[in-house]
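Let me begin by presenting the structure, written as structure tokens, before commenting on it.
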Amino acid sequence: MNKSSYLHMNKYISDSLFDIVSDIAYESGVRAYVIGGYVRDSILGRKNSKKDIDVVVTGSGITFAKKVAAAISPKIRVSIFKNFGTAMFAVQGKEIEFVGARKESYERGSRKPFVENGSLEDDQNRRDFTINAMAISLNRDDYGKLIDPFKGIKDLKEKIIRTPCDPLQTFSDDPLRMMRAIRFSSQLGFRIHRETYNSIKHNRDRISIVSFERISDEVNKILLSHSPSRGFIMLAETGLLDKILPELTNMKGIEIKDNKGHKDNFYHTLQVLDNVRQKSDNIWLLWSALLHDIAKPVTKKYIEGSGWTFHGHEYVGSKMVPSIFRRLKLPLNEKMRYVQKLVSLHLRPVTLSKETVTDSAVRRLLFEAGNDIDDLMILCEADITSKNEQKVRQYIQNFRLVRKKLEEIEEKDRIRNFQPPVDGNEIIRLFGLKPGKEVGFLKDSIKEAILDGIIPNEYEAARDYLIKKAAEIGLKPIK
Ligand code: ATP
Ligand code: MG
């Protein structure tokens, strides 16, 4: 390759950081290259994802990293991962990682390779996709040269995900790559090359040797991609989804009885997911969308005369969330409870919009959803996927009313972060009670009265109401 044919790559390594790496490589007598995601994303012009820089060197990545860090500033702290032979540090808002060029070989039962030192070429051979195997030289004699043995640049232009080596072997060696293929395809809007795709189907059972932490990382990236449905359709088609989230594939299909069918809940869910993604990048809201109808298959019933019902699927669904989160190694904390809450409430705004909207129903919804009411409304609106345009228009119109009502009531009654105006301690003091059932009963009566609109959400009114309620069970204020 003559110089002029690779010079244009220089613009991707114009950062002074690369000059330092280049100088150190020259002084140390090793070869250094920037490789992988950084090269791919630079050429694609994906600006925000250019923060991670991977540098491969012939020789020890750790020794090299220390030298580069020292040359930049003695203050830099280098993190060393001895087991992986890598080292990294953060500088100017970027994370730069160094690894020695290596050759890998795999054993069948593990995705952890046997590693030995190798050449740049060996290192490129172990990369997962052609578009991830491109390297740009940081060496003085050919600075800026693109080293692209697998024509990654062509695949990048043609938007193709393809493995550099035999895909059957590549996926069998490290089955996480199957998830990565689908994730990149979804994230970048690329298609997976036919042979590569068929090899995923062939190797789908191998996913069992990958930890759920790693699988979920990829699922999260699919959820956050532009149209997550793409990724999930591929996961389903290749058979991977059956191994990861069989509850989702269970939702596939339509059943017809007496000429009455129900919609395919799998595709419906994917449409809801895409709709939510247009409005939000909250990963837990996206999980809520993915799981909102998860209990439809287990609650499905055909009722003579009225058709298909999925009665209670929102409650059953919210109960299914913890076991799914546990299996997928997702957090079992307030994030999970948020997803449960959204799944369990996802029908409420629709129910509201169908009836004459009463203040008290709105107050109850506000109380239960709390600060997540806006997210819930995003989910509910996304859930309107009917093909009947008139129906959709009607729903959206009703929804506007619900939103308006929500705002009015919230302004008036401040229910979102509901704190009872008279709390348990005050009840105890007022009637000289011990903590117990009576206190709970009185507290609850106040809450209910406010939600039902019997009294306003104010101290005086709540106190008067409390005294009245207490009298009913024979209690009088002491003093
Ligand atoms: P992103 O950072 O957007 O997830 P990336 O391509 O940078 O994308 P990383 O996981 O950061 O992905 O990996 C950096 C590079 O390491 C990849 O570009 C690829 O060359 C290589 N790589 C990562 N994981 C694998 C794998 N499982 N098998 C083979 N090569 C891999
Ligand atoms: Mg990366």
How about [X]: does its [atom1] atom have over 12 heavy atoms from other parts shown lying under 6.0 Å from it?
X      : atom1 : answer
Lys447 : NZ    : yes
Arg348 : CZ    : yes
Lys263 : NZ    : yes
Glu237 : CD    : yes
Glu121 : CD    : no
Phe84  : CZ    : no
Tyr315 : OH    : no
Glu213 : CD    : yes

Pairwise side-chain contact, [X] with [Y], heavy-atom cut-off 4.5 Å (strictly under):
X      : Y      : value
Asp293 : His346 : yes
Tyr465 : Ser445 : yes
Pro322 : Gln340 : yes
Pro228 : Asp274 : yes
Asp128 : Phe184 : yes
Ile131 : Leu188 : yes
Phe266 : Asn250 : no
Leu224 : Asp281 : yes

Interatomic distance, [X] atom [atom1] to [Y] atom [atom2] [nearest 0.5 angstrom]:
X      : Y      : atom1 : atom2 : result
Arg126 : Ser105 : CZ    : OG    : 12.0 Å
His262 : Thr309 : NE2   : OG1   : 10.5 Å
Ile182 : Phe232 : CD1   : CZ    : 10.5 Å
Ile136 : Ile35  : CD1   : CD1   : 10.5 Å
Met234 : Ile222 : CE    : CD1   : 7.5 Å
Arg326 : Leu332 : CZ    : CG    : 6.0 Å

Is the backbone N or O of [Y] less than 3.5 Å from a side-chain atom of [X], with the two atoms forming a donor-acceptor pair by type?
X      : Y      : value
Asp264 : Gly253 : yes
Asp258 : Lys260 : no
Gln124 : Ala133 : yes
Arg327 : Ile244 : yes
Ser185 : Arg191 : no

Begin from the C-alpha positions of Arg414 and Glu458 and carry the test salt bridge (Lys or Arg N to Asp or Glu O under 4.0 Å) through to its verdict.
-> CA-CA 10 Å; Arg414 294 156 286 111; Glu458 285 161 11; 5.2 Å; no
Given Asp374 and Arg416, is the salt bridge (Lys or Arg N to Asp or Glu O under 4.0 Å) satisfied, shown in steps?
-> CA-CA 11 Å; Asp374 298 327; Arg416 234 178 220 246; 3.3 Å; yes
Looking at [Y] and [X], is any side-chain nitrogen of the basic one under 4.0 Å from a carboxylate oxygen of the acidic one?
X      : Y      : answer
Arg183 : Glu218 : yes
Glu381 : Arg403 : yes
Arg363 : Glu368 : no
Asp123 : Arg127 : yes
Asp372 : Lys341 : yes
Lys469 : Glu472 : yes

Could you pull out all donor-acceptor pairs under 3.5 Å where a side-chain atom in residues 152-159 meets a protein atom, sequence neighbours excluded?
residue : atom : partner : partner atom : Å
Asp155  : OD1  : Arg162  : NH2          : 2.9
Asp155  : OD2  : Thr130  : OG1          : 2.7
Asp155  : OD2  : Arg162  : NE           : 3.0

Contact summary for [X] and [Y], nearest pair of heavy atoms:
X      : Y      : result
Arg111 : Pro175 : CB-CD, 4.2 Å
Val343 : Gly317 : CG1-C, 3.8 Å
Ala289 : Val276 : CB-CG2, 3.9 Å
Leu379 : Ser288 : CD2-CB, 4.4 Å
Asp205 : Ser208 : O-OG, 3.0 Å
Ser229 : Leu270 : CB-CB, 3.8 Å

Between [X] and [Y], is the ring centroid distance below 6.0 Å?
X      : Y      : result
Tyr302 : Trp308 : yes
His202 : Phe171 : no
His268 : His292 : yes

Would Lys300 count as a cation-pi partner of Phe310, with NZ or CZ less than 6.0 Å from the six-membered ring centre and within 45° of the ring normal?
-> no
Looking at Phe212, is Lys329 sitting on its ring face, NZ or CZ under 6.0 Å from the six-membered ring centre and within 45 degrees of the normal?
-> no
Do [X] and [Y] have side-chain atoms, one donor and one acceptor, less than 3.5 Å apart?
X      : Y      : answer
Tyr106 : Glu104 : yes
Gln169 : Asp173 : yes
Arg177 : Thr170 : no
Asn275 : Gln271 : no
Ser318 : Ser344 : no
Glu97  : Tyr38  : no

Arg463 and Leu430: CA distance, side-chain angles, deciding distance, side chain to side chain contact (heavy atoms under 4.5 Å, CB included) verdict = CA-CA 10 Å; Arg463 199 170 181 279; Leu430 196 63; 3.2 Å; yes
Under the salt bridge (Lys or Arg N to Asp or Glu O under 4.0 Å) criterion, do Glu107 and Lys112 qualify, and how do the steps go?
-> CA-CA 8 Å; Glu107 272 182 280; Lys112 238 182 102 185; over 6 Å; no
Go through the steps for Arg364 and Asp452 under the test salt bridge (Lys or Arg N to Asp or Glu O under 4.0 Å), then give the verdict.
-> CA-CA 8 Å; Arg364 284 191 180 273; Asp452 283 339; 3.2 Å; yes
Do the rings of Trp284 and Phe325 sit parallel, tilted or perpendicular, given the 30° and 60° boundaries?
-> tilted
